Amino acid sequence: MELKAETTVQRHSEAETGADLFIRALVDEGVEMIFGYPGGAVLPIYDAIYKASINHVLTRHEQGAVHAAEGYARVSGKPGVVLATSGPGATNLVTGIADAMMDSIPLVVFTGQVATHVIGTDAFQETDVMGITTPITKYNYQVRRVEELPRVVKEAFYIARTGRPGPVVIDIPKDISSESAVVKEKREMILPGYTPVAAPNVLYLQKLTEEIRNSKKPVILVGAGVIHAGASQALLSFVEKRNIPVVSTLLGLGAFPGAHPLFFGMAGMHGTYAANMALYDCDLLINIGARFDDRLTGNLSYFAKKAVIAHIDIDPAEIGKNVPTHIPIVADAREALEKLNEMDPPIQQAETWLKQLEGYRNEFPLWYRSGKNALAPERVVELVYEQTRGEAVVTTDVGQHQMWAAQYFTFNQPRRWVTSGGLGTMGYGLPAAIGAQLAAPDETVIAIIGDGGFQMTLQELSVLQELRLPVKIIIINNQALGMVRQWQEAFYGSRYAHSLIPVQPDFVKLAESYDIQAFRVENEAELRHVLKTTLPNKEPVLIDCRVDGRENVYPMVAPGKGLHEMTGVKP
Amino acid sequence: MKRIITVVVQNRSGVLNRVTGLFSKRQWNIESLSVGPAEKPGCSKMTIVVEIDDDIHLDPFIKQLNKQIDCLSVSDLTDQAIVARELVLIKVLCHPQILGEIRAIVEPFRASIIDVSATSVTIEVTGDADKNDAIIEMLKPYGIKELARTGITALPRGRQRSVTEIKPRSVI
Ligand SMILES: Cc1ncc(C[n+]2csc(CCOP(=O)(O)OP(=O)(O)O)c2C)c(N)n1
């Protein structure tokens, strides 16, 4: 979508308001759309948006705006832009900003603020946005002079998208956006402390090549860093030339083709047995753009203990943080892989190792009970995969359904998988799907959501209604906070404290009240039929899938256990 | 153990919050913090003394500090040869009759009396933390009315046996 900004042509000659400068700065950054919600402190900015007829998506809650921007960023690779008012508008963004920080999503978030002369007086809708967002942003600004606004916006976009991406907040007091100034200042960035490196140290790359040559049991762990760096192609040639098995983190899914014979699945708490054993048993672990999160590693005292650890990451602070690293490579994943690809591929001697892993894959595939009468939630994901032939962007919420989506949907391309990993934010799935659909208008976007998390941000159905976005919402309805219920079953003697919720709205009627087509399905045949008839339509659809509420996510690495101690690996 | 960490930052509002936030997140209590302009215009140097029990977490912490956008360099001076000084102002109860006594205590510390009134004197002393603790102990019996310590500020010595300067730039 093109940004139409009529007021952006005159440059530097006349006085411009802060709000005009804001619009101009966004146009200069090539921003296609803003996700936002108006209020007192941003009225001057909204007025400028009105005049410039900039593309603005009105969500129905600020949390929706920030998750939509995250979904947009994940799918498009460009920074998501958010706008909210001061006080409650800004605090409603906090969850999403923290989410973006954890998952390294580039966002530029604008918040209104009370006028500079009343800051500190507890003025109406004043909150200390700088104070609140400092620990959950890559950087944050409060604009104190109109003249500095263009430079601040330029820096913010640069910081958000370069190095390890992340959210940047710009707090704009109301007088700054309404005040006029003739801006003569050059917009040169002043960031002497920020010099993201991309070029890898060649000596370490050589060391890695050598280790690959010596290794009998190598494995590559891919994380979202590969996706951020656009390194999928380079990764594929690296892997194929060297015949090294690949496993993925939750957020790395799609960085490497899921259907590739060298791919052994997602690793970690609900990963495949083969992937986890590969990490446990390897003698060389090449981590590319993953941060050794605890849900991936399990108990660190058993993690890859026999391995030489190589870690390619753009953020030096990640290297050695959780796992001692022998070959640290601070670099952009694509640069590192391209350099490695220029080096001679070492002679491969891992045939026995591949046989071993293939053995695990065949002996311990993912499994679930398919009840005769009840619809298995895993089957729902499988059917969605079949019916879309995998040609879809999938967003999820957080919980069991998220793990099933990760396990049973095969992602062959990057930027098709949109999920909240690090923060595990319920309420993410629906708004993220809105952003994803806007970023990829021609793609099928599927939002796989739990009945619990759906009720956290379902107000965003209004956006589907208003923009007729053809998102397909699949509610995995187990009438429970399933993941909580599962843990209570496993670790708290089946004492289901506040996790069973049989009382819920009629999701079908609810969707219909938003003028969204909706269906309730209770078995495979119904689901197959509904998918077949609705998937091709360019209209929003909600499918309430009544699934077997007793189903648990397996296999599992219980908390405190090592990756080799998975339970539920077989029926 | 007690660590002395210096951080050179861009002098922008909010940067102190960003730096100290990384300590408070871990519940590491900052013992002293001194900030002032650094040699480079527009930059400030913070000298932070902090008790850190868990050395395993130190290295990732220093890297996280280093990657802050406004952070130009971070050094852990703990294991380096350094010069470290703190300025202390001590207001002691003192009648004119015992001024001589106080003077005698102060002199060996190369401290000086910078304010005298009918009931008190104010003493200025500069030194490392041990020396300053010692003079404070000596003056306690007279009654310390007020005490102000700047916290130490430090520089590595010109000659080092081994330099463990952390990478002097942010690389995220
Ligand atoms: C905002 C938020 N609150 C609480 C949690 C803790 N939590 C994790 S999974 C889960 C249950 C989710 O239930 P539901 O959305 O129905 O999905 P299911 O697990 O049943 O698939 C909860 C409460 C969370 N991740 N996020």
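As the structure is a prediction and not an experimental result, all values here were calculated from the model. Numbers restart at 1 for each chain; the letters A, B, ... are given by sequence-line order, proteins then strands.
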>> So for A:N322, is it side chain, backbone, both, or neither that comes closer than 4.5 Å to the heavy atoms of chain B?
In response: neither
> Would one find more than 12 heavy atoms of other residues, nucleotides or ligands at under 6.0 Å from atom OH of A:Y158?
Replying inline: yes
> Got more than 12 heavy atoms from elsewhere within 6.0 Å of NZ, A:K305?
Replying inline: yes
> Considering heavy atoms only, which positions within residues 9-38 of chain B lie below 4.5 Å of chain A?
Replying inline: B:Q10, B:R12, B:N17, B:R18
> What do you reckon, is CZ of A:R295 surrounded by more than 12 foreign heavy atoms closer than 6.0 Å?
Replying inline: no
> Has B:E107 got more than 12 heavy atoms of other residues, nucleotides or ligands less than 6.0 Å from its CD?
Replying inline: no
> Any side-chain heavy atom of A:K321 within less than 4.5 Å of one from B:Q64?
Replying inline: yes
>> Is it the case that the side chains of B:D70 and A:Y139 hold a donor-acceptor pair, with the cut-off being a distance below 3.5 Å and no angle test?
In response: yes
>> Is A:P192 in contact with chain B via its backbone, its side chain, both, or neither, using a 4.5 Å heavy-atom distance?
In response: both
> How long is the gap from CD1 on B:I69 to CD1 on A:I159, to the nearest 0.5 Å?
Replying inline: 4.5 Å
> Any side-chain heavy-atom pair from A:E318 and B:K63 closer than 4.5 angstrom?
Replying inline: no
> Any idea which heavy atoms bring A:G320 and B:P60 closest together, and the distance?
Replying inline: O-CG, 4.5 Å
